[in-house]
Amino acid sequence: MKRGLIAATGVAAMLVSVAACGSDGDDDKAGADGFKGETLTVWAMDGSTPDGWTKDVKAAFEKKTGAKLKLEIQQWNGIQQKVTTALSESDPPDVLEIGNTQTPAYAQTGGLAELDDLKKSIGADWSKSMNDSAVYDGKQYAAPWYVVNRVVLYNKKIWAEAGIKDTPKTRTEFFKDLDTIQKKTDAEPIYLPGQNWYFFDGLTIGTGADLVKKNGDKWVSNLADPKVGKAMDIYKQYQSFSKAPKDKDEATPQQAEVFAKGKTGAFIGMGWEAALSIKANPKIEKDIGYFTIPGETEGKPEGVFLGGSNLAIAAGSEKQELAKEFLKIALNDTYEGQLAKEGGVIPNKESLQTQLKGNPAAQAAAPAAATGGTTPLIPEWAAVENAPNPVKTYMTAVLTGKSPAEAAKSVEDELNKRLSQER
């Protein structure tokens with residue numbers, strides 16, 4: 001996960017406090033003291049390890065193994081280069097939290113240890129949509145830890161003023177509700193700038209589209225695919241209910257602050273963005289509601305981008321077995337469930353989503369996680385998202401009059417250059 005998003009989940013308004021969870025199962029068994037005197041170094045990102053989780057996992061690990069746990073918190077800014085450098089050195093951290101979309105690039109360099117045996121022993125019921133990012137070239141190079149995804153944040157007061165009594169269960173119903181708000185209130189039905197790229201990526205997942213394709217041994221643009229065009233048409237229909245600029249993203253201006261003014265019916269964003277709205281206007285807190293982004297048919301949510309983190313073991317670590325012991329503890333049902341409950345993130349097993357009860361934002365996000373996905377899981381993709389992102393340029397081109405096919409052609413050369421690292 002490339003953003004400092006999870007840090008915001010620490011906002012009290014977005015979390016449900018929990019009592020410290022005890023250890024379960026094998027973690028209560030002392031005696032694996034063959035590691036006594038060793039220290040395992042773990043790099044975790046700022047905001048990813050809630051205090052209760054950290055305390056309990058550390059205690060369980062040290063009790064079971066006899067080793068010490070050294071947890072070093074890293075900042076998201078500049079982390080890709082820092083991890084790349086660390087993995088190339090002779091004494092890397094033993095375990096690392098890495099962004100799910102970054103995992104293929106680290107695996108390609110040989111910096112990550114293979115974890116096929118770990119997958120077989122503890123990962124049989126890991127969510128496939130989450131585990132896909134931990135696999136590269138058919139081999140397991142990390143373990144899925146958590147994800148977050150977008151939901152609809154809406155102003156209950158405006159929806160009530162429009163006479164809408166329930167949240168939509170299909171995309172068609174959602175469009176109908178936005179039309180009703182437009183006709184019956186003075187509010188902007190939805191705030192959706194033209195370059196909310198991760199929402200668009202989710203729509204492509206929903207239409208079964210691939211943003212890239214293989215041409216010989218190279219990856220090239222697939223934006224001309226009609227399935228991508230269909231996703232963009234859906235986006236365009238949403239955007240038609242918004243006054244937001246067609247050439248800006250959700251951070252310019254910050255969409256949560258626009259919503260905070262109380263004149264917008266809804267926006268599509270991360271659940272933690274409600275905290276930003278509340279900070280800008282505390283009075284709006286009572287009016288904020290959440291629902292899953294509805295898909296084409298009832299009971300099947302819209303495709304969403306799953307942003308999150310995996311846990312990996314450095315190939316250069318001399319403590320491979322000890323590192324695996326840590327993963328077995330950190331990822332067991334007790335602590336994975338505790339992470340979900342304390343941090344408000346989607347856990348790596350659907351069976352653990354019950355731990356999100358009482359967190360309305362997380363509960364709204366959870367149903368879409370099973371069918372969500374990511375950006376293309378290829379090392380070459382990283383260069384595509386550097387500003388100016390050609391996919392964002394494509395989106396604005398469609399919204400300002402070009403057909404999806406014309407817009408795709410207009411950015412094809414630039415996208416292909418980035419995929420071949422020719423910049």
Side-chain angles (χ1 to χ4, degrees), residues 1-17 45-48 50 75-77 148-162 164 167 174 177-178 181-182 184-200 202 235 238-239 241-293 304-305 307 342-346 356 358-365 387 392:
M1 196 171 182
K2 293 178 288 187
R3 309 164 298 287
L5 301 184
I6 297 302
T9 64
V11 180
M14 299 305 294
L15 296 180
V16 178
S17 62
M45 302 309 300
D46 183 32
S48 292
Q75 301 302 313
W76 285 102
N77 187 33
V148 292
N149 56 264
R150 283 158 180 76
V151 298
V152 181
L153 295 89
Y154 73 107
N155 187 314
K156 293 184 284 187
K157 182 178 180 181
I158 290 174
W159 283 54
E161 182 184 342
I164 303 170
T167 55
F174 194 7
D177 289 342
L178 295 176
I181 292 170
Q182 190 168 58
K184 294 189 175 182
T185 76
D186 293 329
E188 180 180 18
I190 188 170
Y191 184 84
L192 181 65
Q195 296 184 348
N196 189 331
W197 140 243
Y198 286 110
F199 173 48
F200 172 63
Y235 191 100
Y238 274 112
Q239 216 276 329
F241 291 102
S242 179
K243 300 175 183 176
K246 294 178 172 58
D247 60 349
K248 304 293 183 184
D249 64 20
E250 65 274 23
T252 316
Q254 171 52 247
Q255 61 181 4
E257 294 178 359
V258 174
F259 182 77
K261 297 175 182 178
K263 298 179 181 179
T264 302
F267 74 98
I268 294 169
M270 310 300 291
W272 57 261
E273 290 184 72
L276 302 182
S277 296
I278 294 166
K279 182 179 180 181
N281 176 18
K283 293 180 179 179
I284 203 170
E285 182 172 8
K286 67 182 184 303
D287 296 325
I288 299 177
Y290 312 85
F291 60 86
T292 308
I293 305 171
V304 292
F305 169 76
E342 196 174 347
V345 295
I346 311 301
L356 301 172
N359 185 326
Q363 285 183 284
K392 288 185 174 183

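FYI, side chains are in, hydrogens and waters are out, and symmetry mates aren't considered; it's all heavy atoms of this structure.
Scored by the ring-ring contact (aromatic ring centres under 6.0 Å, His included) test, Y154 finds W159, F291 as partners (sequence neighbours excluded). Scored by the ring-ring contact (aromatic ring centres under 6.0 Å, His included) test, W197 finds no partners at all (sequence neighbours excluded). Scored by the side chain to side chain donor-acceptor pair (under 3.5 Å) test, E250 finds no partners at all (sequence neighbours excluded). Residues satisfying the side-chain contact (heavy atoms from CB on, under 4.5 Å) criterion with P50, sequence neighbours excluded, are W53, L339, E342. Not counting sequence neighbours, the partners of P253 by the side-chain contact (heavy atoms from CB on, under 4.5 Å) test are Y191, V258.
The nearest pair of heavy atoms linking Y290 to L153 is CE2-CD2, 3.7 Å. Looking at every heavy atom in both residues, S277 comes nearest to A260 through O-CB, 3.4 Å.
Heavy atoms of other residues, nucleotides or ligands lying less than 6.0 angstrom from CG of N281 number more than 12.
Here the side chain of N359 pairs no donor or acceptor atom with the backbone of G344 at under 3.5 angstrom. The main-chain N or O of R150 is never found under 3.5 Å from a side-chain atom of Y198 such that the two would form a donor-acceptor pair. In this structure a side-chain-to-backbone donor-acceptor pair under 3.5 Å is missing from T185 to I158.
Between Y238 and F199, the ring center distance clears the sub-6.0 Å criterion.
Side-chain contact between I346 and V148: absent, with no pair of heavy atoms (C-beta onward) separated by less than 4.5 Å. The shortest side-chain heavy-atom distance between I164 and I181 falls under the 4.5 Å cut-off.
If you take CD on E188 and CZ on F267, they are separated by 12.0 Å, rounding to the nearest 0.5 Å. Note that NZ of K243 and CG of L192 are 15.0 Å apart. Values are rounded to the nearest 0.5 Å. The CG atom of D287 lies 10.5 Å from the CD1 atom of I278; values are rounded to the nearest 0.5 Å.
Sorted by first and then second residue, the side chain to side chain donor-acceptor pair (under 3.5 Å) pairs involving residues 254-271 (not counting sequence neighbours) are Q255-E273.
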